[in-house]
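Everything below concerns the one structure shown next.
Counting starts at 1 for both ligands and their atoms, in listed order.
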Amino acid sequence: MLVSGKELFEDARRGGYAVGAFNLNNMEILQAIIEAAEEERSPVILQASQGGLRYAGLEYVAAMAKAAAAKATVPVALNLDHGTDFSQVARCIRHGFSAVMIDGSQLPFEENIAITKRVIDMAHPNGISVEAELGMIGGIEDDVVVAEKDATFTDPDQAAEFAERTKCDALAIAIGTAHGVYRGEPKLDFERLSEISKKTPVNLVLHGASGISEEAIKKAIPYGIVKINIDTELRQAFAQAVKETVKNNPDEIDPRKILGPAKQAMKEAVRAKMRIFGSSGRA
Ligand code: G3H
Ligand code: ZN
């Protein structure tokens with residue numbers, strides 16, 4: 001069955017590795033993620049954004065994830081990614097999600113604290129972990145759109161106060177990553193990450209990790225990063241495989257023959273991330 005995000009975060013913190021959280025919005029993506037976790041013997045977080053849930057249907061995502069977790073021989077959590085709407089979070093909890101993110105990063109500080117605490121009051125009694133966000137991560141992740149000029153890095157003192165007052169299980173921070181495809185080499189603010197890590201013991205989450213170098217990822221994890229989000233690189237693997245299949249087999253009409261190679265490509269992408277995050281072999 002699905003495990004709480006908190007269980008995965010704590011094991012990752014103790015073990016000095018991070019668990020990959022991979023976005024999905026259809027069956028093939030979910031299967032690719034789970035097959036990768038099985039082959040890597042890695043814990044894994046399945047996640048869907050509000051846009052992904054609108055596309056696939058909350059009931060379908062929840063049912064597929066629960067079916068996958070029931071069969072899996074590795075720990076699997078199901079997370080709502082970038083939940084911005086309290087009732088959406090409540091619906092996910094009612095459908096059996098084992099982790100939720102309430103993204104109040106675009107709200108004033110006190111309102112972010114208030115909605116995060118409101119979600120925690122609903123989630124924690126059900127054994128469900130809560131991730132919050134402080135600081136605004138740039139880029140576009142479905143419903144969450146932040147222009148580069150509006151992206152604001154996380155303030156270490158505010159992060160400590162936020163974690164202490166909300167008791168969130170994990171905190172997504174803005175230290176230079178952005179959602180989507182990077183234009184140029186992203187520069188992570190390790191000074192800031194180090195400051196945050198010194199000021200608060202809260203588990204940290206890195207969003208916008210597609211396109212971040214292996215070296216930067218490995219440098220960030222020891223500062224308390226326990227969850228790393230990947231969506232764009234799966235989309236790229238999917239799209240490239242489908243385009244290649246269609247180009248090489250223009251008369252192919254069987255969805256299994258068109259989506260099968262894409263599933264394989266996404267699986268390999270996920271496996272490679274698990275090895276970089278250090279979660280391989282930890283199940
Ligand atoms: O919440 C999802 C991730 O932050 C997506 O990040 O666009 O770098 O894959 P990505
Ligand atoms: Zn994100």
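The closest protein non-hydrogen atom to atom 3 (C) of ligand 1 is Asn229 CB, 3.3 Å.
Looking at Glu40 and Ser279, their side chains never bring a donor and an acceptor atom within 3.5 Å of each other. With 3.5 Å as the limit, one finds no donor-acceptor pair spanning the side chains of Glu164 and Thr200. Between the side chains of Tyr60 and Asn26, not a single donor N or O lies within less than 3.5 Å of an accepting N or O. In summary, the side chains of Asn203 and Asp169 do not present any donor paired with an acceptor at a separation below 3.5 Å, with no hydrogens or angles considered. Donor-acceptor pairing under 3.5 Å is lacking for the side chains of Arg271 and Ser42.
Ion pairing between Asp121 and Arg118 fails under the 4.0 Å rule for side-chain N and carboxylate O. Salt-bridge annotation for Arg235 and Asp142: present, with a side-chain N of the basic residue lying under 4.0 Å from a carboxylate O of the acidic one.
Among the atoms of Ile230, none of the N or O lies under 3.5 angstrom from an N or O of ligand 1. Any N or O atom pair closer than 3.5 Å counts here, and Thr232 shares at least one such pair with ligand 1. Below 3.5 Å of separation, one finds an N or O of Asp231 facing an N or O of ligand 1.
Residue contacts with ligand 1, taken as heavy atom pairs separated by less than 4.0 Å, involve Ala209 solely via the backbone atoms N, CA, C and O.
Partners of Glu110 according to the side-chain hydrogen bond (donor to acceptor under 3.5 Å, both in side chains) rule, which considers only residues two or more places apart in sequence or in another chain, are Arg165.
Listed by atom number, the atoms of ligand 1 under 4.0 Å from His207 heavy atoms are 1 (O), 4 (O). Every atom of ligand 1 is numbered from 1 in the order shown, and the set under 4.0 Å from a heavy atom of Asp81 is 1 (O), 2 (C). Atoms of ligand 1 found under 4.0 Å from any heavy atom of His82, numbered from 1 in the order shown, are 1 (O). Close contacts between ligand 1 and Asn23 involve ligand atoms 2 (C) [criterion: under 4.0 Å to a heavy atom].
Among the candidates Gln47, His207, Glu141, the single residue satisfying the side-chain hydrogen bond (donor to acceptor under 3.5 Å, both in side chains) test with His82 is His207.
The closest side-chain heavy-atom distance from Thr177 to Ile137 is below 4.5 Å.
Protein N/O/S atoms nearer than 2.8 Å to the Zn ion (ligand 2) total 3.
With values rounded to the nearest 0.5 angstrom, Glu131 atom CD is found 6.0 Å from Phe9 atom CZ.
Heavy-atom proximity to atom 4 (O) of ligand 1, evaluated over Glu233, His179, Met101, is greatest for His179.
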